[in-house]
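Below is one structure; the comments refer to it alone.
Just so you know, ligand 1 is whichever comes first in the structure, and atom 1 is the first atom listed for that ligand. The first residue of the sequence shown is numbered 1, and numbering continues consecutively from there. If you're wondering where the values come from, they're calculated on a predicted model, not measured in any experiment.
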Amino acid sequence: MALWAVVPAAGSGARFGAEHPKQYQRLGDRTVLWHAVQRVACAPGLAGVAVGVAADSPYQDALSGLSAAIYPYEGGAQRVATVLRGLAVLPGAAEGDWVLVHDAARPCLARTDLDRLLAAGGPDGALLAAPVADTLKRGCDDRCLETIARAGLWRAFTPQLFMLGTLRTALEQAIAVGADVTDESSAVERLGLRPWLVAGRNDNIKITYPEDLELAAVVLRRLEREGV
Ligand code: C5P
């Protein structure tokens, strides 16, 4: 069974508010996207990475000089469609193969987290995540309506690891019913499966706002210093 990765990178990153989407912002001497792909491509024996991009984006530059086999393709209107298309792009991939799906906007994946995720994989899949640490409020018009008990709540990160056939079925069904799918696990959960939550580092941040870039640069330097 082969191991593949899909990196959806076709979003417009509206919340970031820059001219180019957040995945094309510079981080050190590369882009956010380059680091995200490079870090997931460290998975031992990875056969290749499909990267879903918007046709008019500067992806060629952002994907140059990577050691893994890269398969760029045009993404869809929603993340779920981008990931599903990616599965069809992986050359010779079989339904029993494994697929890591990793956000283009998560450039700070530690090698140790990736190893722990790969070790946890089972038929239901697995994802990196962290228990919620803050007190949670439901708000309306900037007023607190209620406090949500945080026991048992996790923040879902990527990579998320699934069997290709399971992931394809889950995404196709989610699209068919118009389900609101913001990560791959939520589509797989709809099949009645229970992916493993693998506690990951809190510094596996998703670039969302401009100030996240500075933080990511600090985290990357720390990962490099620690050699992970
Ligand atoms: O907007 P958000 O940060 O949740 O997007 C998560 C990931 O999904 C990003 O890597 C983004 O580029 C990707 N995406 C995509 N195709 C879309 C929308 C989002 O590949 N149509």
Side-chain angles (χ1 to χ4, degrees), residues 4-27 30-41 43 48-63 66 68 70-90 99-109 113-114 117 127-130 154-162 167-168 170-172 174-176 178-189 200 202-213 215-216 219-220:
W4 303 90
V6 173
V7 175
S12 62
R15 284 172 294 180
F16 193 88
E19 185 194 345
H20 286 301
K22 56 192 179 181
Q23 58 273 30
Y24 295 106
Q25 300 298 314
R26 288 211 84 73
L27 177 56
R30 296 290 188 165
T31 59
V32 170
L33 175 59
W34 189 92
H35 285 287
V37 173
Q38 172 69 10
R39 288 205 156 255
V40 79
V49 188
V51 184
V53 296
D56 54 355
S57 59
Y59 67 89
Q60 265 148 340
D61 252 15
L63 294 176
L66 288 156
I70 307 292
Y71 304 99
Y73 66 97
E74 191 169 339
Q78 277 103 33
R79 177 200 171 96
V80 61
T82 300
V83 175
L84 182 59
R85 281 188 192 181
L87 301 182
V89 164
L90 302 169
V99 183
L100 289 159
V101 182
H102 186 47
D103 285 334
R106 275 187 209 274
C108 300
L109 169 65
D113 270 8
L114 184 55
L117 177 69
L127 61 142
L128 289 177
W154 294 68
R155 293 183 298 131
F157 300 159
T158 71
Q160 304 193 351
L161 175 67
F162 300 101
L167 183 57
R168 191 199 305 280
L171 297 177
E172 283 173 351
I175 289 172
D180 183 20
V181 168
T182 52
D183 75 341
E184 289 59 52
S185 179
S186 56
V188 169
E189 291 152 31
N202 271 296
D203 55 13
N204 180 12
I205 58 171
K206 181 166 84 167
I207 307 290
T208 307
Y209 304 106
E211 60 267 31
D212 298 334
L213 269 179
L215 187 57
V219 174
L220 265 187

Rounded to the nearest 0.5 Å, the NZ atom of Lys22 sits from the OG atom of Ser12 at a distance of 9.0 Å

Could you tell me whether a side-chain N or O of Thr82 sits under 3.5 Å from a main-chain N or O of Gly76, the two making a donor and an acceptor? yes

In terms of heavy-atom contacts, does CD of Gln78 have more than 12 from other residues, nucleotides or ligands at under 6.0 Å? no

What protein heavy atom sits nearest atom 20 (O) of ligand 1, and how far off is it? Ala10 N, 2.9 Å

Note, Arg168 side chain near Leu84 side chain (heavy atom, < 4.5 Å): yes

Tell me, which protein residue and heavy-atom name are nearest atom 4 (O) of ligand 1, and how many Å apart are they? Lys206 NZ, 3.1 Å

Nearest-contact summary for atom 19 (C) of ligand 1 - protein heavy atom, Å: Gly11 CA, 3.5 Å

Checking the N or O distance criterion of under 3.5 Å, is ligand 1 in contact with Gly52? no

Considering only protein heavy atoms, which is closest to atom 9 (C) of ligand 1, and at what distance to one decimal place? Pro8 O, 3.6 Å

Return the minimal non-hydrogen interatomic distance between Ala5 and Leu90, and the atom names on each side. O-CD2, 4.0 Å

Minimum distance, heavy atoms only, to atom 21 (N) of ligand 1: which one of Gly76, Ser57, Pro21, Ala54 is it? Gly76

Any idea which part of Ala9 is under 4.0 Å from ligand 1, heavy-atom wise: side chain, backbone, both or neither? backbone

Residues Tyr24 and Ala9: closest non-hydrogen pair is OH-O, 4.3 Å

How far apart are the closest heavy atoms of Glu74 and Arg85, and which atoms are they? O-NH1, 3.1 Å

Would you mind listing which atoms of ligand 1 come within a distance below 4.0 Å of any non-hydrogen atom of Ala104? 10 (O)

Quick one: look at Lys22 and ligand 1, take heavy-atom pairs under 4.0 Å, and tell me if it's side chain, backbone, both or neither. side chain

Closest by any non-hydrogen atom to atom 1 (O) of ligand 1: pick that one out of Arg15, Gln23, Arg79. Arg15

Which heavy atom of the protein is the closest neighbour of atom 16 (N) of ligand 1, given with residue, atom name and distance? Thr82 OG1, 2.9 Å

May I ask you to test the Val49-Leu66 pair for a side-chain heavy-atom distance under 4.5 Å? no

Which ligand 1 atoms does Gln78 reach within 4.0 Å, using its non-hydrogen atoms? 17 (C), 21 (N)

Exactly one of Val101, Thr158, Leu167, Leu127 clears side-chain contact (heavy atoms from CB on, under 4.5 Å) with Ser185, and that residue is Leu127

For ligand 1, the portion of Ala77 having any non-hydrogen atom under 4.0 Å away: backbone

